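A short write-up of the structure that comes next.
Note that the structure is predicted; figures quoted are calculated from it, not measured. Remember, it's 1-based here, ligands and their atoms both numbered in the order they're listed.
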Amino acid sequence: MQKKYKLLFVCLGNICRSPAAEGIMRHLTEQAGLSDRFEIDSAGTYGGHAGDLPDPRMRAAAAARGYRLTHRSRRITDDDFERFDRIIVMDDTNYERVHRLAPDRESIQKIYRMTEFCRTSKADHVPDPYYEGREGFEIVLNLLEDACQGLLDELTTTVPKHSL
Ligand code: 4NP
């Protein structure tokens with residue numbers, strides 16, 4: 001069986017931004033007929049919400065766009081650096097924490113910022129919506145849709161066919 005390309009999205013609590021990124025990316029890979037080529041997961045640098053479904057505000061905002069978010073929150077582990085091909089973080093704080101946890105140089109090279117993949121937005125991070133109103137969740141979803149499409153386009157054009 002062909003090896004899957006493994007993506008891990010990471011934020012702080014793993015109940016807002018990264019599970020939404022996971023849901024959007026899953027949706028896009030399904031639409032592209034590539035879902036069997038990818039493994040997509042998410043995690044947080046903080047484990048205080050472990051086991052929880054995504055925040056109800058994020059679930060509602062995502063559902064309105066056709067994404068069903070069913071991920072259960074978990075904290076990033078040492079094994080994730082071995083397991084995943086790319087670890088994609090939402091903001092600078094996530095970057096610093098994940099960078100500090102990375103066991104070796106190869107793992108550090110797997111860390112990317114989500115906004116690197118945006119094609120229309122010029123944002124340099126995906127802002128934490130937890131203490132924001134509804135608008136904050138819409139801003140996050142707009143950025144994540146832009147970045148996920150850019151990421152899929154990049155992977156389908158640059159990653160050799162045999163490894164996708
Ligand atoms: P996330 O949002 O990192 O996008 O999942 C947050 C979720 C929970 C908390 C902060 C941000 N919190 O402080 O519990």
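Checked against a 3.5 angstrom limit, the closest N/O atoms of Ser18 and ligand 1 fall outside it. The shortest N or O to N or O distance between Gly13 and ligand 1 is under 3.5 Å. Taking only nitrogen or oxygen atoms, main chain and side chain alike, Arg17 reaches within less than 3.5 Å of ligand 1. Where the criterion is an N or O separation shorter than 3.5 Å, residue side chain and backbone included, Cys11 fails it with respect to ligand 1.
Close approach of ligand 1 to Ile15 (heavy-atom distance below 4.0 Å) involves ligand atoms 5 (O), 7 (C), 8 (C). Which parts of ligand 1 touch His49 is read off a 4.0 Å heavy-atom cut-off, strictly below it: atoms 8 (C), 12 (N), 14 (O).
A donor-acceptor pair is defined here as one N or O able to donate and one able to accept, closer than 3.5 Å; no such pair exists between the side chain of Arg37 and the backbone of Lys4. Of the possible donor and acceptor atoms, none in the side chain of Asp85 sits under 3.5 Å from a partner among the backbone N and O of Tyr5. In this structure, Glu116 contributes its side chain and Arg113 its backbone to a donor-acceptor pair below 3.5 Å.
Residue Leu141 is grouped with residue Leu152 when hydrophobic side chains (ILVMFWY) are merged at heavy-atom distances under 4.5 angstrom, including chains of intermediate members. When hydrophobic clusters are built by joining Ile, Leu, Val, Met, Phe, Trp and Tyr residues whose side-chain heavy atoms come closer than 4.5 Å, directly or via intermediates, Tyr95 is grouped together with Ile76.
Side-chain contact, Ser121 with Asp146: no donor N or O sits under 3.5 Å from an acceptor N or O.
Of all the heavy atoms of Asp128, the ones lying under 4.0 Å from any atom of ligand 1 belong exclusively to the side chain. When heavy-atom distances to ligand 1 are checked against a 4.0 Å cut-off, Asp55 has no atom that comes that close, whether in backbone or side chain. Proximity of Phe137 to ligand 1, defined as any heavy-atom pair under 4.0 Å, is not found for any part of the residue.
Between Arg17 and the options Asp128, Val89, Leu143, a side chain to side chain contact (heavy atoms under 4.5 Å, CB included) holds for only Asp128.
The shell of residues lying under 4.0 angstrom from ligand 1, judged by heavy atoms, excludes Met58.
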